Every structure is written in C-alpha cells, then in structure tokens.
Colleague: 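Here it is, the structure in full.
Chain letters run A, B, ... following the sequence lines, proteins first, then strands; residues in each count from 1. Note that the structure is a prediction, hence the values are computed from the model and not measured.
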Amino acid sequence: MDAGLLNKRGSSMINIQNLYKRFDKLEVLKGIDLSIEKGKTAVIIGPSGSGKTTLLRCLNLLEIPDQGTIALGKQTLKITESTKLKQAEIVAFRKQTGMVFQGYNLFPHLTALENVMEGQITVLRRSKEAAREKAMSLLEKVGLKDRAEMYPFQLSGGQQQRVGIARAMAMDPEVLLFDEPTSALDPELVGEVLKVMKDLSREGMTMVVVTHEMKFASEAADQVIFMDGGVVVEKGTPNEVINETKNPRTLQFLNKVAER
Amino acid sequence: MFGERTDRIIGILSDSFFPILKAGLQFTIPLTLITFALGLILAFFTAVARLSAFKPLVLLTRFYVWIFRGTPLLVQLFIIFYGLPSVGITLNPFPAAVIVFTLNKGAYSSEIIRAAILSIPKGQWEAAYSIGMTKAQALRRVILPQAIRVSLPPLGNSFISLVKDTSLAATITVTELFQKGQQIAAVTYEPLWLYIEVAFIYLIFSTILSYLQDKLEIRYGRGIAK
C-alpha cells in the first residue's frame, strides 16, 4: 500500500510530480510536473494526442496513473507500479473535484434540476429540500432557472453544458476540471458556456481547463500549459506562452490553431 | 339452429370456455407472473455478476447461462420432474414448473439485461463517478434506470413468449390452460375447435400483457425525444 494521505502545504491546490501513464504500449504521459495555486485558472493546450485530456482525467482518477504523486486539496496520492487503490480511496480523492465533459454526459432520464440534485442526495446525503435549493441557485447562476424542469434532450448543447457545470458545482468541489467543454458545441453556443466559466474563474474557483479556445486562455487563464507528446513543453502566463513564446513547438501549434 | 353438429360445437365451446379460462387464471397466469418476477430477479443478479470483476462469479454465471440456453426447455422440465425422483428428490408439478421456468427465464433475461447495461455509454459511468458515486451507486441511480428502458421491449417479448411456453407445463401434469383444453378435446372429440378456443384464450392473455408492456415502456420512457 503506497498511497498515503499527507497534509497539503502552501497555497498550491494541485501539485503533480513525475506523473506517468501508459495505455498498453502507448506512453501517454511521460513525467509531468505541475503546480496550480488555489483560486487560479490553468488552461492546458496542445495538439490532439498530446496527453492533455489524460492528464485531466488522472486528476480525478478516471484514469489511474501508473506512477507519480498527485497532491490535490487535502490529500496526496503517491502511486507506484505496485499501487492498488481501493474504491473508497479513489472516491474520497475524486470528491474534491468536479468535472465538465466534452459530451456533457448529463443523465438523460433526469430533468436539469434532478441532474444537479442527484449527487447531492446520493453522495453528499443532503436532504431533498436542501439539494433542490442549492440546485436552483446554481441553475440561476448559469442562467437556466427557467429550464429546471426540462430534460436534457429538450435543451440546446450550450444549455446542457451549463447544466453540466451546475451539476459539478453542486458537489462543492475544491477544483473544477473542464475537458474541452466547448468542442462539441455549435459556434454560436460557445460564448454562453465560456461566459459562465469566466465568471467562475473570476470568483476564485480553482479550475483546470483543457481547451482549444485561445481567446478564453488569454482572457481567463492565470497559467497556460502547453503539452505535446506526453510532456509539458512550456508553461507560464498567457502572455508568455501564447504571445511571446520562442519555443518552436509551441509556435507551430499556435499557428495551426490560428489557421482554423 | 345451424344444424345439429354446429349446435353441438357451440355447446361444447361455451361449456368449456370458462373451465379453460379458469385453468388459465389458476395456473397459466400465476406460473407466468411468478416465474417472470423470480426470473427477473435472478437475471438481474446474474447480469451484474457476469459484469463484475470477480472471475469465479463470472465463470459460474457463464456456465449457468450456457446450460439453460443450450438445452430445450422441455428436456429441462423432464430432468427436474421425472429425473430427480430417481435420486430421491420428488417435486410437485407446480413447484417443479416454477423452478425450471425461473431458471430458464433467468438465463435468457440476464443476457437481455447485460446487453442493456453494456449499451449505456461509458460517459454515463464517468459522469456518475465524477460526482463521487461508487460503482454500486452509479449502477443503481444512473445506469439501471436507463438500462431498464432499453431492456423493456426485449423483456416484454420474452414475457409474452413465457405465457405461451407455460403450456409445456402440461407435460409434467400441471393442469394449466393447454392441459385443460387437451382433456376436454379428448372427451368431446372436437380437437380442432377446442384447440382454436385454447389459442384464442392465449391470445386474450398475451394481448392484455402487451398492453401492460406498452404502459411500462411509456412510464420508463421519460427523458427521450419522441
């Protein structure tokens, strides 16, 4: 048993050291080191296959890393090849995070309101009334109070994604993880989702966002991380990484994105 | 009125209708409902066990499904009812039928439920996990409600076929609907009309049951575009 719980230190909310992950023969993460401070927004950019989504999924253990240390909030997981995590350990770690998915992944058999209530009732054991109250205030926050009783199929992609954000927020996570939250959206619906994300960022939510939206990265990120080939190539302020980079790989990627 | 033979047939059919219907209500319907309910419970646990990560359990359920899907229902009935007494286990006809039909339905329905669970996109599991659910919570609160919806039409079909399959219980002396019809046909020498009457009563039963199936599908259909 190598997974131990240590105390966190400093103001860093997430601290990743030497993180490795492979799928069969394919090595996806090759030693990632990263630190994200509490209340800050980190945006991960990079070409497809660079490992950015895998890194994000390692942060809430949807993928279990092969090796490395992840400190998140109050818990630290030290993982080696022989580590076998128990479900309770995974769940306890994961409860500190909320995730917003590219494909929304709302529960289709529940209304928007019920989607936001479900975890509060089943996982946090809140009363129905308390869960409803919290869910309604979150739906209001994402501008969907009047859509509360609708089922996901009755909502537009942008609305579904905003419900997805409310669902994640309802669990009072320490960190919100966004996995390409606007990639599946029609262009005219991207803005409404980014606006909600910017509001959260401004309010001091700790966020890790995988995205191709460079404008969002420039405007909302405190830290931009450029990944390629399973490693962090460059990290810094949006200005350093997006506007003033000298790194040829970063430049090549930014040019390709700009061509779209 | 229509001639002597026609009058005789009408007389036989009207005299036999309620006894046959009664046999249906007394045996066919209870046998169907009991074995379907028990079979569903068995099927549910079999499907979940089959999808578990615990190898011995997986092998055991695969073996069970293999046996009961791979052999005829009629042979299974005969083994349990006529075969087991030779090793000292004697069952009454009705319980024997309940056991065999339950095991048989359980095996078939477990495959339906397993397929339904597997048809739910991986993203649903991940969304459930991402809000801190355990595997059991995700299954109960997120996956199964959707899987039930998916499995209702095929389970409905299997339910309707069960109503008719129960006629095989006649072979182990359960006086259900078909057996009753057979008895009356044997003494009246009107097999054609008697068996048409039997078929008609089965049709009434399966029509009512498919109506119930439709109701259930509507009930579990919430959240999908029409």
Colleague: So for A:R57, is it side chain, backbone, both, or neither that comes closer than 4.5 Å to the heavy atoms of chain B?
Modeller: side chain

Colleague: A:N115 side chain to A:L110 main-chain N or O, any donor-acceptor pair under 3.5 Å?
Modeller: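 Judged by distance alone, yes, a pair lies under 3.5 Å.
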
Colleague: In terms of ring plane angle, is the pair A:F153 and A:Y151 parallel, tilted or perpendicular, where the classes change at 30° and 60°?
Modeller: parallel

Colleague: Charged N to carboxylate O under 4.0 angstrom, B:R50 versus B:E111?
Modeller: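 Salt bridge present between B:R50 and B:E111.
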
Colleague: Pick one of side chain, backbone, both or neither for A:F101, based on which atoms fall under 4.5 Å of a heavy atom in chain B.
Modeller: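 Interface part for A:F101: side chain.
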
Colleague: Where on A:L106 is there a heavy atom nearer than 4.5 Å to chain B: the side chain, the backbone, both, or neither?
Modeller: backbone

Colleague: At a 4.5 Å cut-off on heavy atoms, which part of A:M99 comes close to chain B: side chain, backbone, both, or neither?
Modeller: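 It is both, since atoms from each part get that close.
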
Colleague: Looking only at atom types and distance, does a side-chain atom of A:T122 sit under 3.5 Å from a main-chain N or O of A:G119, one as donor and one as acceptor?
Modeller: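 It does not hold such a pair.
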
